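Notes for the one structure printed next.
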Amino acid sequence: MDDCIFCQIVAGDIPSRTVYEDDDVLAFLDANPLAPGHTLVIPKAHHERLNDLPADVGSAVFAAVHELTPAVEDAVDASASTVAFNNGEAAGQEVPHVHGHIVPRFEDDGGRPIHALVSERPDLSDAALDDIADAIAGH
Ligand code: 5GP
Ligand code: ZN
């Protein structure tokens with residue numbers, strides 16, 4: 001993917017502040033951080049969404065997120081972090097190459113929890129919830 005920013009970072013054509021690297025995964029500081037230490041964790045191979053990742057690459061990405069989260073928090077003396085993937089354009093994903101965000105959080109940082117994603121929550125009946133649960137479980 002010649003025109004993918006993150007593929008160009010993997011190739012070394014665009015510089016980044018790399019904090020972790022293995023055969024499948026690269027992690028580097030976000031260029032426009034939401035907090036000091038804001039880190040992105042990406043598969044080296046180009047895949048647009050989490051849904052597109054082969055299982056072994058998904059496992060490698062999550063293993064790196066798991067290992068890096070405490071390292072990121074400790075590096076900037078954060079007491080917590082928000083860890084999230086914008087998965088697809090409608091969810092706000094701007095760079096179409098899978099990336100997890102590790103955003104360090106601090107008491108009174110003015111940030112909000114993941115429940116602030118929507119301003120209006122859907123009113124779902126028990127039957128609708130049962131159908132959704134069945135559809136997910138039966139996938
Ligand atoms: P998204 O909105 O797609 O989940 O997040 C994309 C993230 O990539 C943003 O937080 C943005 O600051 C970061 N980003 C975009 N271009 C670059 C870049 O060239 N280098 C680095 N290090 N981060 C980038
Ligand atoms: Zn890419």
Side-chain angles (χ1 to χ4, degrees):
M1 290 294 292
D2 292 346
D3 57 351
C4 172
I5 294 171
F6 288 173
C7 282
Q8 290 175 56
I9 286 176
V10 171
D13 295 337
I14 294 177
S16 71
R17 290 188 171 84
T18 298
V19 300
Y20 175 85
E21 180 171 14
D22 64 29
D23 287 348
D24 298 315
V25 178
L26 187 71
F28 50 90
L29 295 187
D30 194 292
N32 188 20
L34 297 174
H38 182 170
T39 295
L40 301 176
V41 183
I42 72 169
K44 287 184 170 174
H46 184 86
H47 299 283
E48 191 163 331
R49 296 182 51 177
L50 278 177
N51 314 37
D52 307 320
L53 287 185
D56 59 332
V57 179
S59 297
V61 169
F62 190 75
V65 169
H66 176 253
E67 184 173 328
L68 282 163
T69 297
V72 169
E73 289 184 9
D74 289 351
V76 295
D77 209 16
S79 59
S81 51
T82 297
V83 180
F85 291 77
N86 291 324
N87 191 38
E89 204 174 336
Q93 183 179 357
E94 292 186 352
V95 177
H97 180 135
V98 172
H99 52 282
H101 294 259
I102 303 172
V103 183
R105 299 296 303 271
F106 305 87
E107 296 297 334
D108 304 322
D109 64 7
R112 300 168 76 193
I114 211 155
H115 288 78
L117 276 178
V118 297
S119 50
E120 283 186 40
R121 300 188 191 194
D123 186 16
L124 296 166
S125 66
D126 283 348
L129 291 168
D130 288 345
D131 286 349
I132 293 166
D134 288 348
I136 296 169
H139 194 269

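Counting convention: from 1, in listed order, for ligands and their atoms alike. Fair warning: this is a prediction, and the values are worked out from it, not measured in the lab.
In terms of polar-atom proximity, defined here as any N/O pair under 3.5 Å, Val95 does make such a contact with ligand 1. Residue-to-ligand polar distances keep His38 apart from ligand 1: every N/O pair is separated by 3.5 Å or more. Residue Ile5 has no nitrogen or oxygen atom sitting less than 3.5 Å from a nitrogen or oxygen atom of ligand 1, judged on distance alone. Annotation: Gln93 places no N or O atom under 3.5 Å from an N or O atom of ligand 1; distance criterion only.
Atom 3 (O) of ligand 1 has its closest protein heavy atom at Glu94 N, 2.6 Å. Distance from atom 23 (N) of ligand 1 to its nearest protein heavy atom, with residue and atom name: Ala31 N, 3.2 Å. The protein atom (non-hydrogen) at minimum distance from atom 6 (C) of ligand 1 is His99 NE2, 3.4 Å.
The nearest non-hydrogen atom to atom 10 (O) of ligand 1, considering only Leu29, Thr18, Thr39, Asp30, comes from Asp30. The option with the heavy atom closest to atom 14 (N) of ligand 1, from among Phe6, Phe28, Phe85, is Phe6.
In this structure, Val19 is not a member of the same hydrophobic cluster as Val76, with clusters built from ILVMFWY side-chain heavy atoms closer than 4.5 Å. Under a hydrophobic-cluster definition in which Ile, Leu, Val, Met, Phe, Trp and Tyr are linked whenever side-chain heavy atoms come within less than 4.5 Å, directly or via other members, Leu53 and Val83 are assigned to the same cluster. The hydrophobic cluster containing Val95 does not contain Val61, counting ILVMFWY residues as joined when their side-chain heavy atoms lie under 4.5 angstrom apart, directly or transitively. When the side chains of ILVMFWY residues are joined at heavy-atom separations under 4.5 Å, either directly or via intervening members, Leu29 and Ile9 end up in two distinct hydrophobic clusters.
Between the Asp52 side chain and the Arg49 main chain, a donor and an acceptor come within less than 3.5 Å of each other. For Asp24 (side chain) and Ala60 (main-chain N/O), no donor-acceptor pair under 3.5 Å exists by modelled atom type.
When the N, O or S atoms of His46 are ranked by distance to the Zn ion (ligand 2), ND1 comes first. Within His97, the N/O/S atom positioned nearest the Zn ion (ligand 2) carries the name ND1.
At a cut-off of 2.8 Å, His47 is not counted among the residues with an N, O or S atom near the Zn ion (ligand 2).
Of all atoms in ligand 1, numbered sequentially from 1 with element shown, those under 4.0 Å from a heavy atom of Ile9 are 20 (N).
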Run the numbers on His101 and Asn86 for side chain to side chain contact (heavy atoms under 4.5 Å, CB included), then give the verdict.
CA-CA 8 Å; His101 294 259; Asn86 291 324; 4.0 Å; yes

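Heavy atoms of Gly92 approach ligand 1 to within less than 4.0 angstrom. Within the 4.0 Å heavy-atom cutoff, Leu34 does not count among the residues contacting ligand 1. In this structure, His101 has a heavy atom closer than 4.0 Å to ligand 1.
The neighbour count for Glu89 CD, taken as heavy atoms of other residues, nucleotides or ligands under 6.0 Å away, does not exceed 12. Remark: Phe62 CZ is loosely packed, at most 12 non-hydrogen atoms of other residues, nucleotides or ligands lying under 6.0 Å away.
Taking the Zn ion (ligand 2) as the corner point, the angle from Cys4 atom SG to Cys7 atom SG is about 120° (rounded to 10 degrees).
In plain terms, the two heavy atoms of Thr69 and Val65 that are nearest each other are OG1-O, 2.7 Å.
Between Phe6 and His99, the angle of the ring planes goes over 60°, which puts this pair in the perpendicular group of the 30/60° scheme.
Only the side chain of Asn86 comes within 4.0 Å of ligand 1, judged by heavy-atom distances.
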